[in-house]
Structure formats: C-alpha cells, structure tokens
Amino acid sequence: MRMAEKQLWSGRFAEGPSQMTLSFTSSLSVDTRLAWYDIVGSLAHARMLGATGMVLEHETELLVEGLKQLLAELEAGNLDLSPDLEDVHTNVEHMLTQRAGEAGKRLHTARSRNDQVSTDLRMFVRDAILETVSLLLDVRSEMIDLAERETETIMPGFTHLQHAQPVSLGFHLMAHVFRLQRDAERFLDAYKRLNQCPLGAGALAGTGHPVDRGLTAELLGFDRPTDNAMDTVSDRDFALEFAYDCAQTMVHLSSMGEELVLWTSPEFRFAEMPDAFATGSSIMPQKKNPDVAELVRGRSSVAVGNLMQLLVVMKGLPLSYNRDMQEDKASVFSSYETLTSCLFMVGPMYRELAFDRERMAKACADGFLNATDLADHLVQRGMPFREAHEVVGAVVQHCVKDGKRLESLSVEELKGFSDLLDQGSLDHVTLDACLHRRKSAGGTAPERVMEQISSARAVLDAHRSECEGELVRLEKVWKDLRE
Ligand code: ARG
C-alpha cells in the first residue's frame, strides 16, 4: 500500500497512514471553501502570538507577511491546495511554512484545529447570515410594494383550500411578508449567539500559554471569546441554528412556490407566470410550466434534509471534539447555496407576475365567502351566534340545492329562514362590504393592511440598517487586520 506525504502529526507514528485512510479522512474537497477564513483566523492568531510575546517580533512579522501573501494569492485565484494534506487548516499552515520558513512552524502555538475549525465555520456562517438577510430584505421589499398596490383587490381567502372569506390580494401577500420577516429575525438572532470567538479554547481544555483571547476575538470582529473551552470545541449549535433557519425559510418559500403553481394553473388562473420564469415541454407544444416555482418547492427538501443530517451527526456524540463533526460543513454550505439561489429568483418572479384581478373577483362568486358575515349580521340583530350559524347553514343548503348565491335570494326567501333578515341583510353581505368590514387589528380591511405595510416597512428598515451596519463594521475589521 502506498504511503502518503508527511502529516502534521507524523511524530507519533512509525509509519504514515495509507493513501486509502488519507483520502477517506480528508475534508479538503469540502473545507477548501473555508480557506479565506482560515487565513484571516491565522492572521489574528499570529498577531496575538506576537502581542503576548509567545512569538518574537521578527518572526511574528514573517508570519503576518506570509499570511497576507497567502490571502492575496487566494483572492487572486492563485492558491493551489495540496490534496495530499488532509484539510484546509493543514494546507494553510503548510503553505505558510513554505513562504515564511521556520517561523511558520510557530503558528500553531496555543491553537488546535478544534478551535480553529469552529472559528472558521462561525465566520463563514456569520457572512452567510448577512447575505441571506439582505436577500430576504429584497424579497420582502418587493412583496410589500406589490401588496400596497393590491389592498382593494378582492380574492377568495382559503382554509383547507376551500373558499372561506373574502380577503384582498395585498393582505394575502403581506401574510408571506410577515413569515419572511420572522425568518430574518431568526437569522439575526442566531448571529448574535454565534458571534463569539473559539480561538484559545485549544484542543478542549484551554492552554497553558499566555493567550489573549480577548484580542483574537476583537481582531476577528467577534463580540467576545466563548466561555468554556470544552463546550467550544464540541458546539455546533450555531451550524444547527443556521441550518434550521435556512430550512424554515425554505419551507416558507416552498409554500409560496406551491401557491404560484396553483394560481397559475388553468383551474385557478389567478396569475400568469412571466415567460422568463417558465419552461416548455419537450413533447406538448402548448405547455408553459412553472418550473422555477416548482423547483423552489422541491429544493426545500435539500434544506430540510441538511438540518436532519446535522442533527443526527451531533446526536449521541460525547464531549468534546469528535471527527464525526467534520461532516457538518457540507450541509451548512448546501443549505446556504440552496436558500440564496432560491431567494435570488423569488423576488423578480413576483415582480413580474401578471395577476388576473378580474378572475380573482369572479372566483369570489362561488363558495359562499360571505356566509360568516350573514351570520354575524344576525348576531348584530340579537341572535346568539350558534343559532345564527345554524340558520345561515340552512340558507346555504337551500342555495346549493337551487344553484344560487346568497346575494341572489329574494327578501321573501330569506324571511323564510328568519324574521330578522331583510333587504338590509342583502346589502350587508356584498363581498366589498365583507372585505372592508374586517377592521380588527391585523384584519384584511384596506386600512388595516396599510398599517401592516407600514409596520413591515419599519422592521425592514431596522433590519436593513442592522445588516448594513454589521457589513461596514466587518469591512473595517478586515481592513485593520490586514494593515
Ligand atoms: N477537518 C477537521 C474538521 O473539519 C478539522 C479538525 C480536525 N481535528 C482533529 N482533531 N482531527 O472537523
């Protein structure tokens, strides 16, 4: 069996690992993506080693310059990682030693790959959250603008996918906005919890070296160091939270996708899918399929699967670092890619959707959307609600039998069901009146939807400035670190 290159930990071994073991244990194909974070993390660590006197000044200088050079090479696309070295951390240290000479061998003082990998991944997730939240801002803003134009557009509201009560299209769209608003809140909340620096936790128990954990945390833009070294190297809650937040958001996008599939179907025809977001059939010349919406729905499975995968990796692991945890990264990256690629499509798709308002209004003719209002009307005239429900149920049954709508009944017919009913009752149940009447806080009446729109816009602005503020702060962190 062919033996591999010399590893970081070769001292303990009489022989190197077999090529088979090396390729089986390697994480390079996945964690190469962390190279930038690994180098900046190392840069902060090197500066801290210098500041605390663990590494002499001139050697610190060599480390810092070497790492900056690696960063520049990486950014220029010229950094080739060696497949013979098992992960990105090993590669970075190896390449540094090639450039900085003997000094490179001092970089790993007071550090373990266990605190290192957690630092790298936290920094990745931090950026991923900011990008996700800012894409969510775009989608929300698009949908709020759309909702604002549709506060008087009447359509059937559904429960169990059966006609329930009339709502406005604007109200319906705002329901999606508030879901996505909670998603953004969840991401930003996870951000606060993850923004603590693992460096200095070492392998699991801290270190006897005089590290300054506050300094590395600060240099990398973390709020502070983590509390307990053993927890630190064991903890992947931040990855799990991110995966959950992605899955939850994808479930919301999936529900939107499903709705668009329904709405653009010939049975509903509430909207026409823009050509740019549809595809055709290889056999049926007439087809225009809502594939983007279907794939958004379909890809939610990836995000949900990733969350399950991560949970199962972590379930049953004893403290502290276990190599199983190497399997965390692929899912985090995949959830990030799945969600961001869907978010890119969803906003423009809604913007270009052609709603068929007339068709929506016509659809309101069926299904007795105003039945609740007729019962409420009887209540206002003194009848207990349970009784009113019964009376209107009988009216509906009569209409179904005769193929009529509530509003097309004569006053005489109505009176047959209750003395309390008259012409005023018929005026009471026009769909427009039903929509405008729902003025309770959070209701579908246009003025209430306008309130929802301004509240959602205020939260949107707050999220935007939180996100932008954080991006500016991090930009300065990186600038200072690379000075
Ligand atoms: N490639 C490893 C991972 O992703 C890095 C940490 C390795 N630590 C160790 N003790 N072998 O988890």
Side-chain angles (χ1 to χ4, degrees), residues 4-13 16-42 44-45 74 79 81-97 107-128 194 197-207 209 216 220 226 228-240 242-243 306 309-336:
E5 297 285 304
K6 187 172 172 216
Q7 300 300 319
L8 281 180
W9 31 258
S10 61
R12 155 76 178 76
F13 293 82
S18 73
Q19 194 62 42
M20 253 162 65
T21 298
L22 186 60
S23 67
F24 184 74
T25 54
S26 172
S27 56
L28 195 63
S29 61
V30 174
D31 65 20
T32 296
R33 184 163 196 161
L34 294 176
W36 193 88
Y37 300 101
D38 202 69
I39 301 172
V40 294
S42 297
H45 182 66
L74 178 78
L79 203 62
L81 307 197
S82 158
D84 275 346
L85 297 170
E86 59 179 327
D87 56 27
V88 67
H89 324 292
T90 317
N91 261 281
V92 168
E93 190 179 324
H94 179 75
M95 289 184 295
L96 177 67
T97 307
L107 177 68
H108 214 52
T109 312
R111 189 176 72 166
S112 158
R113 280 181 296 164
N114 299 351
D115 54 356
Q116 191 178 351
V117 69
S118 168
T119 308
D120 293 0
L121 194 57
R122 278 175 195 247
M123 290 193 283
F124 174 87
V125 173
R126 195 167 63 170
D127 284 352
L194 80 74
C197 188
L199 283 180
L204 78 163
T207 169
H209 292 292
T216 24
L220 294 173
T226 53
N228 173 292
M230 187 178 286
D231 172 45
T232 302
V233 298
S234 319
D235 172 28
R236 291 293 181 273
D237 294 3
F238 65 94
L240 275 165
F242 177 71
N306 288 336
Q309 187 268 345
L310 272 175
L311 282 166
V312 177
V313 166
M314 297 310 292
K315 177 210 157 292
L317 289 188
L319 292 170
S320 58
Y321 178 82
N322 297 275
R323 192 65 180 263
D324 316 45
M325 289 156 71
Q326 176 167 294
E327 302 306 303
D328 58 357
K329 284 170 278 297
S331 286
V332 168
F333 298 155
S334 158
S335 287
Y336 161 75

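Residue numbers count from 1 along this sequence. Order of appearance sets the numbers: ligands from 1, and atoms from 1 within every ligand.
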Side-chain H-bond candidate by donor/acceptor type, Asp87 with Ser27, under 3.5 Å: no
Number the atoms of ligand 1 from 1 as they appear, then name those within less than 4.0 Å of a heavy atom of Asp87, with their elements. 1 (N), 2 (C), 5 (C)
Check whether the side chains of Ser320 and Ser234 place a donor and an acceptor atom closer than 3.5 Å, and report yes or no. no
Residue and atom name of the nearest protein heavy atom (relative to atom 2 (C) of ligand 1), distance in Å to one decimal: Gln326 OE1, 3.3 Å
Answer yes or no: is there a donor N or O on one side and an acceptor on the other, between the side chain of Thr207 and the main chain of His209, under 3.5 Å? yes
Would you please say whether a donor-acceptor pair under 3.5 Å links the side chains of Arg113 and Gln116? no
Tell me, please, whether Phe124 has Arg33 positioned over its six-membered ring: NZ or CZ under 6.0 Å from the ring centre and within 45 degrees of its axis? no
At under 4.0 Å between heavy atoms, what of Lys329 touches ligand 1? The answer is side chain
Which one holds for His89 and ligand 1: side chain close, backbone close, both close, or neither close, with close meaning a heavy atom under 4.0 Å? side chain
Would the distance check show the side chain of Asn228 and the main-chain N or O of Asp231 forming a donor-acceptor pair, the cut-off being under 3.5 Å? yes
Which residue and heavy atom of the protein sit nearest atom 11 (N) of ligand 1, plus the separation: Arg113 NH2, 3.6 Å
How does Asn114 reach ligand 1, if at all, at less than 4.0 Å between non-hydrogen atoms: by side chain, backbone, both, or neither? side chain
Enumerate the atoms of ligand 1 whose separation from the nearest heavy atom of Val117 is less than 4.0 angstrom. 4 (O)
May I ask you to identify the nearest protein heavy atom to atom 12 (O) of ligand 1, giving residue, atom name and distance to one decimal place in Å? Tyr321 OH, 2.4 Å
